[in-house]
Amino acid sequence: MSNKETYKLQIGPTHPAFKEPVRFEFEVDGEHVLHADIDMGYTHRGIEHVSKERNFIQIIYLLERICGICSTSHPMAYCLAVENAAEIEVPARAKYIRTIVGELERLHSHLLWAGVAAHEVGFDTLFYTTWDIREKVMDCLEVISGNRVNYAMLTIGGVRRDIIGEVAEAVNKTVEYYSDLYSQLEDIMLNDMSLRLRTENVGILTYDEALKLCAVGPTARASGLAKDVRADYAVNAYPDIPWLKAITPNDVGKKPVGDIYDRIVVRVLEIKQSVDIIRFCMENMPGGEIVAEPKAVKVINQLKKVKAHGIGRYEGPRGEVSHYDILDNNECPVGVKVKAPTYSNIISWVPMFRGAEIADIPIIMSSIDPCIACSDRASFVEGEGKKTVSFGELRKLSMEKMNKIRRGL
Amino acid sequence: MLSTVSRIMQQFFGRRSTNVFPVKYAPESVIDALAGGDIHPPISMPEGYRGKLSYDFDKCIGCGMCLKVCPAKALEDYPIMDTEKNRPSKRIVFYRGKCTYCEECVKVCPVGAIKLNPDFMMANYEKYGDDQIEGIEKRREFEVKEGQ
Amino acid sequence: MNELTVFLIMVISTLIGGIYLGLLGRGIDRKIAAKFQSRIGPPIRQGFWDLKKLMLKQTIVPENSITWVFKGAPLVALVTSAMLLVYIMVPYLLYLTGYESPMFAHMGDFILVIYLLMIPAIALVAGGFSAGSPLSTIGSQREMVVLMATELPLAVTVIAFAVKMSVLAPSMPSFSIFTAASNPVWNGMGPAGILGVILLASAFLFIIPAETGKIPFDQAEAETEIAEGLLAEYSGKYLAFFQLAEALKSLGVVALVVVLFFPQGVSTIMGGQMIAGGINITVPCEIMFFLLKVSVVYSVSISFIRVSMARLKISQVSKFFIYSVSAVSITGFILIMIDPRIMAM
Amino acid sequence: MLHPEEIVNKLKEYIGDGLLEWEVRTRFDGVTNIREQKHLYIKLNRGAFHRSVAFLYKISPLHISCPMASIESEEAIELIYPFMIYSGHGDQTEQPLIVSYDIPKSDLRTVSVTDIIPGIIIMERETQEMLGIEVENLPDERRIFTPDNMEEGFLPLRDKVSGISEE
């Protein structure tokens, strides 16, 4: 054929490979992808706007629900931002507990990602295995916080629960479990033939592209860009850890290519790093208070008197979570700006899809560990038909409905 | 490759990780069928598990602190007349369907009238059904008394 | 007994038993895979329930499909799969029961088996193309590629068998399954030849999942890539037909491997008739032993391979079959050919 | 590695009056090994923004950390770009560099910096659709988070325009 006929392949918003709604439009020639286009915004919930109507304590739990997996990262960044603006000093012990919870979350997120990625390439056994292994850290988090997914551990100026006694023992046991299991896990994830066949030299993001497109997290590190908020920017207990550094494929003596295999390498090594950090924190945890001001209402009143800007950054499991909060002598912030790691990485998808095959689409898509819900968070909802219903109207409607039901009681 | 196979074999001969849904919560028809067989007890919840919310109507002093901190606005101010002192007394109604289990109201309550139980089975067909609203029965009793 | 009566009894019992065992096999396969994956898995009867449910469900035919192809393809697939099973099983059953008749000597031609293996796949492809959805079109293209890639090793194996049979039993038709069943391929062979047969068998270890569309060769359906691909538009009873066809075909392919590579029955191994309490129980024993062999091959080549690998890309599949598997089977073929005992004859 | 004051001085030399205000704030973190983290807040003239970003990018590649925050007042919208400088080196070198400038409401326009930092495109598209600020030279002007059939002039993050009542 002299003139090549291409056709458009729509994938999404709902597709078995996608855990969340996002729409891709691919220009496809046979099995080869020529061009990719991304359309988002299917899960808008208006969190940034809603935040402006809540007080500082309420926002923590609202932000926790931006994403189920990063349910410590978002409140962490938010608390850091507010503490930065109001210049609240966090007690030393709280810093360590924050670090431990954050690292447990990273452990759980990376294992979850490994399972999802394995499922995308049709390796269901690995999916079940990693999720089975992940149960242990979920149980540990349940013991610490009382819930498997939404930990509600953080508050402005510290943490809400201490890690002592039985809880500390549970954490130590989890650390032991993972250090025992690590070598087997590493062997499976890095040396399995069929997995390597699917991931090597697929979805390449070069160093320059990662730098220019502001990629974050394991995606950037797999391209050799040593960008890790934990190592770059002082938060929590991370400055205390002398050996902490951003992990790149160089650490296993491999030249970074920026393909999916490198992203697996980075994540697998980070599992080990997380375990080591938790062990370090458990051994070196100082005593003392866990929160600067335990009374929530007092905190709200204290923050009412602040007029400042605050930036909070934290390395979530998927990359840099960054919040920018504007406080203006009010019970509620005037502005809350949220950036989830996926938001920075969306644009990195475009070069990754270059030259890919259709079979590579799901694994490339999941290789940045996307969290669409994190990125979509603006402010209105699509109503029935073509009418657009604003958040306020929608709420009014639902309030009416609720009142109607209540009257019927 | 070898480690994958060894892990798979380990799983084949090892104990399976999944569990049958605890029979305690299954519909009655299923319980009857399984009564003679293998009944799995529910997995125990750790201490401090944040589950179903319960509210002690009599302990509540109506300070309204919980209203201030609840992120989901799952609590509603429901003032009722205190007949003994003849003045409106604030009592709270909780919509369990809206609750996010953050435990903030428990921490903030000065008299310990709110608790989170380890009960996690809360699925329901009705969003605002009677059993989804905590504190409504007392409120009803009160209304009936008032009516008389 | 009349030859025709025997033949009809065998065909009908094969069909009924095949449908039952095929669906049961699906259930067992899922249970074993679940065990490998450390979970409970669906009940073994799930295959029957699925089929029943699908038969009761509404059947939707897409608006822009070519209706008669779309509706006809599942039926063609089902009928040819059933034929394949009958075509493999009847000669073997005849061999097991020891019923000899000149009429059946030519039964079960390898070449026809290859064609019959192809037709359900082609029906799937036709159904996928006719559905008029881009995802099923991609699925159909992939199925074609897998189909073509597996042809060469399959053909090589069959020719190797024919050559071997012509040497082992010059008086019998070389391409017949009956011949292959009555003269196990391992007989009359030196070490080189045995190695050759082992190579052919290991090539078949990968041909079975490719023929039945299981991971790592389920590109045509690839749930996470193209959303069940060529089955994407099928629903209700047509999907049920495809499922049944697939169950029958899996059983047929596995039975083919058993017949070709492990045809030895109980009586051959024990060296005589099996008699218990004065009743000759050879035939039931033979059938039980055959089912045992089938389930072993089934669980190794379908269940185990499917849980221990990731799905390959379509380009890798074609390379894998055209280079690696073909090379293995051709080496096997050459080894059989240069085996001194064959050379001598 | 330049000190925040040095960055400001260099920038002042380059753009002169374009630099309106600047401030360095320090925060500390860590327990046994206390690190100081300097945050540099710069307020620019709208016209000087593009040139300044190009100049800063030459010092070290900028990383855009968070989408543009905004403060709305009676006659202007202040856009805040939280950049990070010296990122990707490891060893606690990263410095926040928060650049802001006012856009008068009578003339809601700004210039895209995608030619310098390609990764900022999604954030600029979001700013355009959410705040109604027209971004010039944007390579891709389609909506990203809001649907294409959304009514004109509905700006979700601008309360006073969208008419979303504060309860």
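A, B, ... follow the sequence lines: proteins, then strands. Residue 1 opens every chain. Just so we're clear, the structure is a prediction, and the values are computed from it rather than from any experiment.
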Given that the side chain runs from C-beta out, which part of B:Val69 has a heavy atom under 4.5 Å from chain A: side chain, backbone, both or neither?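 For B:Val69, backbone and side chain are both near chain A.
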
Checking B:Arg50 side chain against A:Asn150 main chain: does a donor-acceptor pair fall under 3.5 Å?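 Present.
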
For [X], what residues pass the side chain to side chain contact (heavy atoms under 4.5 Å, CB included) criterion, not counting sequence neighbours?
X        : answer
A:Pro333 : A:Phe56, A:Ile59, A:Val336
A:Glu331 : A:Asn55, A:Ile300, A:Lys304, B:Lys68
B:Val106 : B:Glu103, B:Ile114, B:Leu116

Output the option from A:Thr129, A:Leu126, A:Ile144 having the highest count of non-hydrogen pairs under 4.5 Å with chain B.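 Counting heavy-atom pairs under 4.5 Å, the top option is A:Thr129.
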
Check each atom of A:Asp132 against the heavy atoms of chain B and say whether the ones under 4.5 Å are side chain, backbone, both or neither.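 Just its side chain gets close to chain B.
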
Side chain, backbone, both or neither: which part of A:Leu185 has an atom under 4.5 Å from a heavy atom of chain B?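 Contact with chain B is absent: no heavy atom of A:Leu185 under 4.5 Å.
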
A:Glu289 atom CD, over 12 foreign heavy atoms within 6.0 Å: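 Open.
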
Distance-only polar pair, side chains of B:Glu104 and A:Tyr61, donor-acceptor under 3.5 Å: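 Side-chain D/A pair, B:Glu104 to A:Tyr61: present.
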
Rounded to the nearest 0.5 Å, what separation is found between the [atom1] atom of [X] and the [atom2] atom of [Y]?
X        : Y        : atom1 : atom2 : answer
A:Arg160 : B:Cys102 : CZ    : SG    : 6.0 Å
B:Cys70  : A:Arg54  : SG    : CZ    : 8.5 Å
A:Arg161 : B:Lys107 : CZ    : NZ    : 4.5 Å

Looking only at heavy atoms, which of residues 4-12 of chain B get nearer than 4.5 Å to chain A?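 Within residues 4-12 of chain B, near chain A: B:Thr4, B:Ser6, B:Arg7, B:Ile8, B:Gln10, B:Gln11.
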
